[in-house]
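Here's the structure, in structure tokens; my notes come after.
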Amino acid sequence: MIFEIGATVFGLLQGIFVLFNNRIHWFFYIVQMLCLILFSFASKLYADMGNAFFYLIVGIVGFVLWNPKCGKQMIRACSFEERIGYTLFIVFGTIGLYFLLKQTDDYLPVIDAFTTISSFVATYFMVLRKIDTWVIWFVNNICYIIQYALLPQPAFYLLSLNVIWTVLAVLSYHEWHKIMKGKQ
């Protein structure tokens, strides 16, 4: 339970700072991933555990790329082709990962596969500061709420965090949209 609470607290801090396009969110993101690795292993959510390892690396890369000394990267929208590409990647990636997870004792292989693959895509676009990240995170967070509710021992704190993140995804989309359009 300590890792669930840690992931929740650091995830909440991360969500607040990313809302305002603040680089420090990557620090909280990295600590949250360390907590999620341990929580996911204990909960037998192996794709989520792999996801968190990947995010640990992405968090470090994001922290470096969001450094003002690396140049100010503007918030942009994905092109139509990028949207088709990431949608297909999510669909086929979910199917492929589902078949791998079926071979384990993963409690929820379909939803675990979807949240894992869509999280990869959303995180990639967050690093690149693409506003589409918030649409993907919105859908992903709703699925995480369902996943954490369906566990044999529901993860109440992480479920609650994803409820908050769902709201923050909407707020972040609007905030980033204002920044993208130069209204802030």
Side-chain angles (χ1 to χ4, degrees), residues 1-20 22 24-60 62-63 86 89-91 93-127 133-173:
M1 181 189 270
I2 188 74
F3 299 119
E4 179 187 355
I5 293 170
T8 302
V9 169
F10 288 107
L12 181 58
L13 291 169
Q14 182 269 336
I16 291 168
F17 283 104
V18 76
L19 168 67
F20 299 107
N22 190 313
I24 195 68
H25 92 273
W26 289 110
F27 168 77
F28 296 111
Y29 183 86
I30 291 166
V31 177
Q32 179 200 14
M33 290 309 115
L34 292 170
C35 292
L36 275 176
I37 289 167
L38 297 168
F39 171 80
S40 297
F41 179 75
S43 298
K44 296 183 179 182
L45 293 170
Y46 304 121
D48 271 354
M49 188 174 71
N51 205 7
F53 273 114
F54 171 76
Y55 289 153
L56 192 61
I57 295 164
V58 170
I60 294 165
F63 186 77
Y86 74 66
F89 183 83
I90 291 170
V91 169
T94 298
I95 292 168
L97 186 54
Y98 163 75
F99 284 112
L100 287 174
L101 293 175
K102 260 182 67 167
Q103 307 307 312
T104 72
D105 60 346
D106 191 300
Y107 287 119
L108 303 163
V110 173
I111 199 162
D112 194 11
F114 174 79
T115 56
T116 298
I117 298 299
S118 61
S119 292
F120 284 159
V121 173
T123 301
Y124 173 75
F125 286 125
M126 188 165 58
V127 169
T133 191
W134 300 115
V135 175
I136 301 166
W137 277 127
F138 178 82
V139 173
N140 182 279
N141 292 334
I142 290 171
C143 291
Y144 266 120
I145 291 166
I146 294 166
Q147 175 178 285
Y148 290 134
L150 293 176
L151 285 174
Q153 294 182 342
F156 175 75
Y157 296 109
L158 288 173
L159 184 152
S160 299
L161 176 62
N162 279 276
V163 169
I164 294 167
W165 275 349
T166 302
V167 173
L168 286 174
V170 173
L171 295 174
S172 295
Y173 180 88

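Residue numbers count from 1 along this sequence.
- Contact detail for Ser118 and Ile136: the closest heavy-atom pair is O-CG2, 3.5 Å.
- Nearest heavy-atom pair, Gly11 versus Leu161, reported as atom, atom and distance to 0.1 Å: C-CD1, 3.8 Å.
- With rounding to the nearest 0.5 Å, the separation of CD1 in Ile24 from CG in Leu13 is 10.5 Å.
- When every heavy atom of Pro152 is checked against every heavy atom of Pro154, the shortest pair comes out as O-CD, 3.6 Å.
- Across all non-hydrogen atoms, the minimal contact from Ala149 to Leu159 is CB-CD1, 3.5 Å.
- Within a 6.0 Å sphere centred on CZ of Phe156, heavy atoms belonging to other residues, nucleotides or ligands number 12 at most.
- Minimum heavy-atom separation, Ala52 to Leu36: CB-CB, 4.1 Å.
- In this structure, CE on Met49 lies 10.5 Å from CG on Asp112, to the nearest 0.5 angstrom.
- Qualifying side-chain hydrogen bond (donor to acceptor under 3.5 Å, both in side chains) partners for Ser172, counting only residues two or more places apart in sequence or in other chains: none.
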Please assess Phe27 against Phe17 for the test ring pair (Phe, Tyr, Trp, His ring centres under 6.0 Å), listing each intermediate value before the final yes or no. CA-CA 10 Å; Phe27 168 77; Phe17 283 104; 10.0 Å; no
Test log, rule side chain to side chain contact (heavy atoms under 4.5 Å, CB included), inputs Val110 and Phe114: CA-CA 6 Å; Val110 173; Phe114 174 79; 5.7 Å; no
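- Around OH of Tyr157, the count of heavy atoms belonging to other residues, nucleotides or ligands within 6.0 Å does not exceed 12.
- Between the side chain of Asn141 and the backbone N or O of Trp137 there is at least one donor-acceptor pair closer than 3.5 Å.
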Step by step, work out the side chain to side chain contact (heavy atoms under 4.5 Å, CB included) result for Trp134 and Val18. CA-CA 11 Å; Trp134 300 115; Val18 76; 3.5 Å; yes
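- Summarising the geometry, atom CG belonging to Leu108 is positioned 11.5 Å from atom SG belonging to Cys143; distances are rounded to the nearest 0.5 Å.
- Atom CG of residue Leu56 and atom CE of residue Met33 lie 8.5 Å apart, to the nearest 0.5 angstrom.
- To the nearest 0.5 Å, the span separating CG on Leu97 from CD1 on Ile90 amounts to 13.0 Å.
- Of the inter-residue distances, the one linking Phe10 atom CZ with Tyr29 atom OH reads 15.5 Å to the nearest 0.5 angstrom.
- Under the 3.5 Å distance criterion, the side-chain polar atoms of Glu4 are matched with a main-chain donor or acceptor of Leu158.
- When atom types are taken as modelled, the side chain of Ser40 and the backbone of Tyr46 share no donor-acceptor pair closer than 3.5 angstrom.
- Residue pairs that meet the side chain to side chain donor-acceptor pair (under 3.5 Å) test with at least one member in residues 93-103, sequence neighbours left out, do not exist here.
- With hydrogens and angles disregarded, a donor-acceptor distance shorter than 3.5 Å links the side chain of Tyr55 to the backbone of Ser119.
- Counting non-hydrogen atoms of other residues, nucleotides and ligands closer than 6.0 Å to OH of Tyr124 gives a total of 12 or fewer.
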